[in-house]
S.K.: 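Have a look at this one.
The first residue of the sequence shown is numbered 1, and numbering continues consecutively from there. No hydrogens, no waters, no symmetry mates; every other heavy atom, side chains included, goes into these values. Remember, it's a predicted structure, so these values are computed and weren't measured experimentally.
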Amino acid sequence: MIRGMSHPGERDGSWTLLTGHGHVLVEIARNPGARIRDISAAAGITERTAQAIVADLEAAGYLTRTRTGRRTRYTVNPDSSFRHPAQEGLRVGPLLAVLAASGDAAEPGPAAGPRGSPAAAAPAHHDRAGPGTPGPGRSR
């Protein structure tokens with residue numbers, strides 16, 4: 001194991017793949033009617049930080065806020081571009097669709113094959129040497 005990295009289920013790692021802004025945007029994509037309290041809890045940040053991030057995302061055009069009575073509803077702009085030059089020209093919508101949908105799954109099921117059909121029940125065997133090369137327990 002590489003020093004400093006944690007297992008996927010552990011929370012004691014020193015970094016996460018998404019920033020606070022990413023976590024907030026994913027949570028809003030999952031639940032456009034979420035309260036700041038709910039967003040901050042899901043993202044693991046304070047309510048004050050969540051409010052500041054929502055303001056940043058709104059100012060950058062990633063989302064809009066609409067007040068209806070005492071409630072706020074958010075609308076994510078899926079056509080917004082990533083801000084980093086390495087992702088120039090890419091839109092956030094497809095990534096948010098995948099990450100927001102992953103929160104809807106109750107439990108992981110069998111892997112889906114083409115067009116959502118269940119994948120073969122037996123796991124595929126892949127030899128590092130490539131096809132046609134004898135693998136473990138096989139001879140030529």
S.K.: Any side-chain to backbone donor/acceptor pair from Thr19 onto Gly22? Under 3.5 Å, distance only.
M.R.: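 At least one qualifying donor-acceptor pair exists.
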S.K.: Quick one: does His23's side chain have a donor or acceptor within less than 3.5 Å of a partner on Ala42's backbone?
M.R.: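 The answer is no, because no donor-acceptor pair under 3.5 Å joins these two groups.
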S.K.: Is the number of heavy atoms from other residues, nucleotides or ligands within 6.0 Å of CZ (Arg48) greater than 12?
M.R.: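 No, not enclosed.
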S.K.: Between Ile39, Thr64, Leu57, which is the residue that forms a side chain to side chain contact (heavy atoms under 4.5 Å, CB included) with Tyr74?
M.R.: Ile39
S.K.: Under a 3.5 Å distance rule, please check whether Arg30 uses its side chain to pair with a backbone N or O of Leu99 as donor and acceptor.
M.R.: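 Indeed, once roles are kept as given, a pair shorter than 3.5 Å links the two residues.
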S.K.: Evaluate the criterion side chain to side chain contact (heavy atoms under 4.5 Å, CB included) for residue pair Glu47 and Arg37; output intermediate values, then yes/no.
M.R.: CA-CA 6 Å; Glu47 288 183 36; Arg37 174 181 309 160; 3.9 Å; yes
S.K.: Does Ile53 form a side chain to side chain contact (heavy atoms under 4.5 Å, CB included) with Leu25? I'd like the steps, not just the answer.
M.R.: CA-CA 9 Å; Ile53 289 173; Leu25 195 57; over 6 Å; no
S.K.: Run the side chain to side chain contact (heavy atoms under 4.5 Å, CB included) check on Val92 and Leu95 step by step: do they pass?
M.R.: CA-CA 6 Å; Val92 299; Leu95 178 66; 5.7 Å; no
S.K.: Check whether Ser80 reaches the backbone of Gly61 with its side chain - one donor and one acceptor, N or O, closer than 3.5 Å.
M.R.: yes
S.K.: With a 4.5 Å heavy-atom cut-off, do Arg73 and Arg65 have their side chains touching?
M.R.: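 They are not in side-chain contact.
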S.K.: Would you give the length of the straight line joining atom CG of Asn77 to atom CZ of Arg91, rounded to the nearest 0.5 angstrom?
M.R.: 9.0 Å
S.K.: So, the side chain of Arg71 versus the backbone of Gly33: is there a donor-acceptor pair under 3.5 Å, distance only?
M.R.: yes
S.K.: Report the C-alpha distance between Thr72 and Arg67 in whole Å, list the side-chain angles of each, state the deciding distance to 0.1 Å, and finish with yes or no for side-chain hydrogen bond (donor to acceptor under 3.5 Å, both in side chains).
M.R.: CA-CA 5 Å; Thr72 300; Arg67 294 283 298 189; 3.0 Å; yes
S.K.: If every non-hydrogen atom of Val24 is compared with every non-hydrogen atom of Ala43, which pair is closest and at what distance?
M.R.: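 Here Val24 and Ala43 meet closest at CG2-CB, 4.3 Å.
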S.K.: So which heavy atom on Asp56 is nearest to which on His21, and how close?
M.R.: OD2-NE2, 2.9 Å
S.K.: Might you point out which heavy atoms bring Pro78 and Val76 nearest each other, and give the distance in Å?
M.R.: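 The answer is CD-O, 3.1 Å.
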S.K.: For a quick test of reading the model, state the closest non-hydrogen atom pair linking Ile28 to Leu63 and the distance between them.
M.R.: CD1-CD2, 3.6 Å
S.K.: Under the side chain to side chain contact (heavy atoms under 4.5 Å, CB included) test, which residues partner Ala60, sequence neighbours left out?
M.R.: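 Ala60 satisfies side chain to side chain contact (heavy atoms under 4.5 Å, CB included) with Tyr62, Arg83 only.
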S.K.: Can any side-chain N or O of Ser40 pair as donor or acceptor with the backbone N or O of Ile36 at less than 3.5 Å?
M.R.: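 Yes: the side chain of Ser40 pairs with the backbone of Ile36.
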